Engineer: 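Below is one structure. I have some questions about it.
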Amino acid sequence: MSEGTKMSWNEGYVSEIEYTFGFYRELSPIWIDFATLLRGLRHDYNSHNFTYCELACGQGLTTAILAACYPQAQFYATDYNPQHIVTARGLVEGAGLTNVQFYDDSFKQFLHRDLPQFDFICLHGIYSWISVDNRRAIVSFIKEKLKPGGAVYVSYNCMPGWGAAAPMQYLLRWQSKRSPGNIMQKMNSALDLVSKMIELNAPYFVQNPILKSRYERYSKQDRLYLIHEYLNEHWQALYFEQVAAEMNDAKLSFVASASILDQIDNVTIAPNLMPLYNEVTNPVEKEQMKDFLTNAQFRRDLFYRGVGKLSGGQHLQQLQQQRFTLIVNPKEVKYEHTFTAGQAKLQENIYQPIVQILQDSVLTFGELQNQLTGMTPQNLFQAIVIFTGLGYFHPVLPPEGYQERKAITDRFNRFVIEQSPHSAQLSFLASPVLGNGIQVNRVEQMFMLAMSYQKSPVDFAWQILASQNQKMIVEGKTLETPEENVAHLKKVWEEFRSSRLPLLQRLGVL
Ligand SMILES: C[S@@+](CC[C@H](N)C(=O)[O-])C[C@H]1O[C@@H](n2cnc3c(N)ncnc32)[C@H](O)[C@@H]1O
């Protein structure tokens, strides 16, 4: 039977191989609400006792971390790959979470399940990888299950950024279908063919020179990710207006990008293109224009089924009450960045004082304003938003309910770090301060575990790695001898003890 006629539960989506364990900050309620607030709008819901749904949750790490961070809310998630759901349920059981349900339903089946109405419906990395029929099923689900005032997060590959590379996806899938072996071998054969075509100056690659660097990026990426990204039958990059029209069927309107840097025009649109952008006034057309002016290839959109409006005064008041903190080591903060609009040197005299204050405190925008009297509110606001978009700052949840959140995230994080001796898969922990996940790698998790056992962190980590025949890799070079490994682990521990540990403590992760 040909693939086109095969009736299978996977409906053309790759199911032979499991997906990676991703976590995406943009799916968290605090992030969605902040991105919405920046537009002068308000997500109208009970911020403790809400309902949240993730469609195509993969291994379930995002939903599980969020369920730990928001213990009074109820979480529901589905992914039709039963293997993913077995893993997700294992995580929930191991961590003792009681406010989350995982199902192995397809989108169509999930529509018929007895579920509450949701304040949030989120879907990451699925909408442009499935058939039109399945996109419709998602829209029907949203239509039926989203509350008035509810938010939808949807991410997808978009045009025009995929214009040159879309045939390369076709080529990868085409070659993989023709190749023998398992799906990993098929993927490797497809990548080999692309590499040969580039080497032999095949016109498609010569005339689209951008593809070479894209291929080089692919060849370094996790094969599991590549397989899910490129080998799906229904892969299709979408135009923003097309998605907006589909969402309109569920009475949704576009409100904001959850990639908040994209909300700041002067870091997104190059100065010479700004007049073209400014000519467009209709919000949906403006967003479509932005994609053309920036050659966008991936979008993270927030749509609402009716959204709370704020007056100018209310908007200012809510922004002023929003708390922030620094979530990286100040040493890691860079003041030069390449934005979509081009390279920019940020004014250190504006950014650095904010970093200094937020490195050991949580302050509202209003409190920062009171401390930084020489700074205009506009400069302060822009600096906070840009540094939040860059991942240096993060909004902070209100103090109410902190102890309850911490009790649950502690249990969740304990379970995750207990897995670190056996696996590197779970590389995010839950922060009750941020209401979001934070990346903590396997070695750092092993250090945390050793500390809880009152053992030497370096010896503990090295014994585990050595017993599994694993070695540290530094700048692409494997450290061969035990002495080299232990010496490197000592350095890593020192760095962890002096800067990461205090940060993780401040974020309530420890
Ligand atoms: C690229 S993965 C993304 C997973 C997760 N959202 C993430 O970003 O880590 C897409 C997921 O969608 C699931 N999926 C594909 N088609 C589906 C359908 N019709 N119903 C439910 N899940 C589906 C797959 O099993 C896969 O886990």
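Just so it is clear, the structure is predicted and the values come from calculations on it, not from any experiment. Atoms within a ligand are numbered from 1 in the order they appear, just like the ligands themselves.
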Engineer: Counting from 1, what ligand 1 atoms have a heavy atom of Glu54 closer than 4.0 Å?
Structural biologist: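 Heavy-atom distances to Glu54 below 4.0 Å select 6 (N).
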Engineer: Is there a polar contact, in the sense of an N or O pair closer than 3.5 Å, between Thr20 and ligand 1?
Structural biologist: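 Among all N and O atoms of Thr20, none is under 3.5 Å from an N or O of ligand 1.
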Engineer: For residues 159-168, dump all side-chain donor-acceptor pairs below 3.5 Å to protein atoms at least two apart in sequence or in another chain.
Structural biologist:
unit_1 : atom_1 : unit_2 : atom_2 : d
Trp162 : NE1    : Asn157 : OD1    : 3.3
Trp162 : NE1    : Gln297 : O      : 3.2

Engineer: Need the ligand 1 atom indices (1-based, order shown) with element for anything under 4.0 Å from a heavy-atom of Asn134.
Structural biologist: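 Result: 19 (N).
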Engineer: Of Phe21, Phe107, Tyr103, which has the heavy atom at the shortest distance from atom 20 (N) of ligand 1?
Structural biologist: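 Looking at heavy atoms only, Phe107 sits closest to atom 20 (N) of ligand 1.
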Engineer: Between Asp301 and Tyr156, do the side chains contain an N or O donor and an N or O acceptor separated by less than 3.5 Å?
Structural biologist: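 On atom types as modelled, these side chains qualify, holding a pair under 3.5 Å.
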Engineer: Parallel under 30°, tilted from 30 to 60°, perpendicular over 60°: which one fits the rings of His228 and His84?
Structural biologist: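 Aromatic pair His228/His84 classed tilted.
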Engineer: Below 3.5 angstrom, do we get any N/O pair linking Ile130 and ligand 1?
Structural biologist: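 In this structure, Ile130 places no N or O atom under 3.5 Å from an N or O of ligand 1.
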Engineer: Counting from 1, what ligand 1 atoms have a heavy atom of Ile126 closer than 4.0 Å?
Structural biologist: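 By the 4.0 Å cutoff, the relevant atoms are 10 (C), 12 (O), 14 (N), 15 (C), 16 (N).
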Engineer: Report the part of Gln59 (side chain from C-beta onward, or backbone N, CA, C, O) that has a heavy atom under 4.0 Å from ligand 1; answer both or neither where that applies.
Structural biologist: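 Neither; no heavy atom under 4.0 Å.
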Engineer: Quick one: which ligand 1 atoms are inside 4.0 Å of a heavy atom on Asp105?
Structural biologist: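 With Asp105 as reference, the close atoms of ligand 1 come out as 21 (C).
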Engineer: Which atoms of ligand 1 are found less than 4.0 Å from any heavy atom of Ser106?
Structural biologist: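 Reading through ligand 1 atom by atom, the close ones are 20 (N), 21 (C).
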Engineer: Can you name the one residue among Tyr45, Tyr76, Trp31 that meets ring pair (Phe, Tyr, Trp, His ring centres under 6.0 Å) with Phe120?
Structural biologist: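 Of Tyr45, Tyr76, Trp31, ring pair (Phe, Tyr, Trp, His ring centres under 6.0 Å) with Phe120 is met by Tyr45 alone.
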Engineer: Can a cation-pi geometry be assigned to Arg135 and Tyr127, taking NZ or CZ under 6.0 Å from the six-membered ring centre and within 45° of the ring axis?
Structural biologist: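 Because its charged atom sits under 6.0 Å from the ring centre and within 45° of the axis, Arg135 does stack over Tyr127.
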Engineer: Indicate, as side chain, backbone, both or neither, the part of Tyr24 found under 4.0 angstrom from ligand 1 when only non-hydrogen atoms are considered.
Structural biologist: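 Just the side chain.
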Engineer: What are the two closest non-hydrogen atoms of Thr20 and Gln59, and how far apart are they?
Structural biologist: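 Taking Thr20 first and Gln59 second, the nearest heavy atoms are O-CG, 3.6 Å.
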Engineer: I'd like to know if the side chain of Arg411 and the backbone of Ala95 have a donor-acceptor N/O pair within less than 3.5 Å.
Structural biologist: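 Here the side-chain-to-backbone pair exists.
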Engineer: For Phe141, which residues count as a ring-ring contact (aromatic ring centres under 6.0 Å, His included) partner, sequence neighbours excluded?
Structural biologist: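 ring-ring contact (aromatic ring centres under 6.0 Å, His included) list for Phe141, sorted by chain: Phe110.
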Engineer: Considering the heavy atoms of Asn81, write down every atom of ligand 1 situated less than 4.0 Å from one of them.
Structural biologist: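 So the answer, numbered in order with elements, is 25 (O).
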Engineer: Is there any N or O on Thr78 that sits under 3.5 Å from an N or O of ligand 1?
Structural biologist: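 No, no N or O pair falls under 3.5 Å.
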